[in-house]
Number of protein chains: 2
Amino acid sequence: MTEGEGTRRTPLNRERVLRAAVAFADGEGGGGADALSMRKLAQELGVVPMALYKHVANREELLTGMVDTVVGEIAPPAPGAHWKGAVRDRVLSARRTLRRHPWAPRVIEALPAPTPAMLDHLDAVIGLFRSGGLSADLTHHAMHALGGRLLGFTQELFTASPGPGPDAGAAAQLAARYPHIAEIAATAAHAKDGSAVGGGCDDQFEFEFALDVLLDGIERLHRAGWTSAAGDRR
Amino acid sequence: MTEGEGTRRTPLNRERVLRAAVAFADGEGGGGADALSMRKLAQELGVVPMALYKHVANREELLTGMVDTVVGEIAPPAPGAHWKGAVRDRVLSARRTLRRHPWAPRVIEALPAPTPAMLDHLDAVIGLFRSGGLSADLTHHAMHALGGRLLGFTQELFTASPGPGPDAGAAAQLAARYPHIAEIAATAAHAKDGSAVGGGCDDQFEFEFALDVLLDGIERLHRAGWTSAAGDRR
DNA sequence: ACCTGAACACCGTTCAAGT
DNA sequence: ACCTGAACACCGTTCAAGT
């Protein structure tokens, strides 16, 4: 039990905590975020558990920060392609990034709200649809249908929670930072009043929309005699 | 601390444990399965925690049993409709069932392997596609594209785990009980050898298949001037 | 033979005591 | 003022002791 490692390397930034947490979840025999405890992370950093609470409020905030770090690594979109190809590229780029952190989808799905980096990414994808000429209405449903695939995995992004939602001031700030999200949220396609992000949608409609797009697409492929051997991928 | 409740009502079947666990996860202020601990469940049943271990090996087996109970509630398919409508009905029926147990999707997604009731359901859906004339190949990809939607939510059903897989004897048993699953698993559409369930798929191909079906469908709707107001749902 | 209380090795987080 | 050890209220599971 020597002190080792020199006394006080870096005074333990928030960023260093998050990077260590991501590295721990990445490694560690596939245990992922479940295997990550405040105590083990503290030990990894050579500090007492309580020291972590100076940089993250609690375990939930640690996980949120880890997700934001990982999602922030997603490469920016290639400029100026057709909207469909551009969305496709961005989704596959997100997938490449998240594949390096296999624990992330499960953590993301359990988040109470999207992180800023997630909102940046979603706003950018919405922008691609809109500049391709799709209506805000159709774009909204397309985002729901793609769901977690937007970040490269197949899950809900976040289940519609009946939480309090942002107040008017916070909503205005969000709208300024994420204009495309604000636009489709404001779309009155669904009867209820749309709060700034996520809330107020007709879950059942979104579910059936995506289901029917998939079933119709599969039917079309069937009628066309599609087979995977035919390199017909794209 | 009186004994209350009469001494030894029912000697605590496995089924009674599972039903109590499902009821606990259903209620309890939205805590879901995370709020369910062996100790709390034991208290709910008026027994000492150790008593539960007579009926379930551990917490993981408890969760598996809970999922099997819930998925077993899914209504059987309506007979003799067109394959697309039949699949649609069965998926929406599954959704109605799982909506009553909002904790279930997260637990299902975390399962190491599908439960028997899940395999029954998946086998039945595959049967609907096949009797509609779709090839085993296309059906296989369709099942991946629908993913968790087959059970009424939007998630991966289970991430491809490189586990040991069933031995030859167990595989034969599975093939006898789930003939449709065995058939599409045996399909050599993907190069690797297909183990009885789930294993051996080309994740990237399946991801891109579903992504392209969705993007192509959205593009088609866009070109057709689709709008959600137009009651164009189905 | 059966059941179970106490114990073990954890966990996130609090809080008062020590420097 | 800052840091941290001990403590609190949990957890899943084991195991030996009691009937």
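Every chain is numbered from 1, with letters handed out A, B, ... down the list of sequences. The figures that follow rest on heavy atoms only: side chains count, while hydrogens, waters and symmetry mates do not.
Between Arg39(A) and Glu44(A) no salt bridge is recorded (no basic side-chain N to carboxylate O distance below 4.0 Å). Electrostatic pairing of Glu208(B) and Arg149(A) does not count as a salt bridge here, judged by no charged N lying under 4.0 Å from a carboxylate O. Under 4.0 Å is where a charged nitrogen must lie from a carboxylate oxygen, and between Arg99(A) and Asp203(B) at least one such pair does. The residues Asp123(B) and Arg177(B) are annotated as not salt-bridged, no charged nitrogen and carboxylate oxygen being separated by less than 4.0 angstrom.
Side-chain contact check for Asp34(A) and Trp103(A): no donor-acceptor pair (N or O, by modelled atom type) lies under 3.5 Å. Inspection of the His101(B) and Glu73(B) side chains reveals an N or O donor paired with an N or O acceptor under 3.5 Å.
Comparing the C1' positions of dT14(C) and dG12(D) gives an interatomic distance of 23 Å, to the nearest angstrom. On the C1' atoms, dT13(D) is 23 Å away from dT13(C), given to the nearest whole Å.
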Problem - Which nucleotides of DNA chain D pair, in dot-bracket form (Watson-Crick or G-U under 3.5 Å, | meaning another strand) - result: ||.|||||...|||||.||
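As rounded to whole Å, 15 Å separates atom C1' of dG5(D) from atom CG of Leu52(A). Computed from coordinates, the His55(B) NE2 to dT4(C) P distance equals 11 Å when rounded to whole Å. Going from atom NZ of Lys54(B) over to atom P of dA1(C) covers 13 Å, rounded to whole Å.
For Phe205(A) and His141(A), the gap between ring centers is short of 6.0 Å.
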Practice task
Mark up nucleotides 12-19 of chain D, 5' to 3', with B wherever a protein heavy atom is under 4.0 angstrom from a base atom, S wherever such an atom reaches only the sugar-phosphate, and - elsewhere.
Solution key: BBBB----
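Two residues are said to be in side-chain contact when any heavy atoms from C-beta on lie closer than 4.5 Å; Leu211(B) and Val87(A) fail this criterion.
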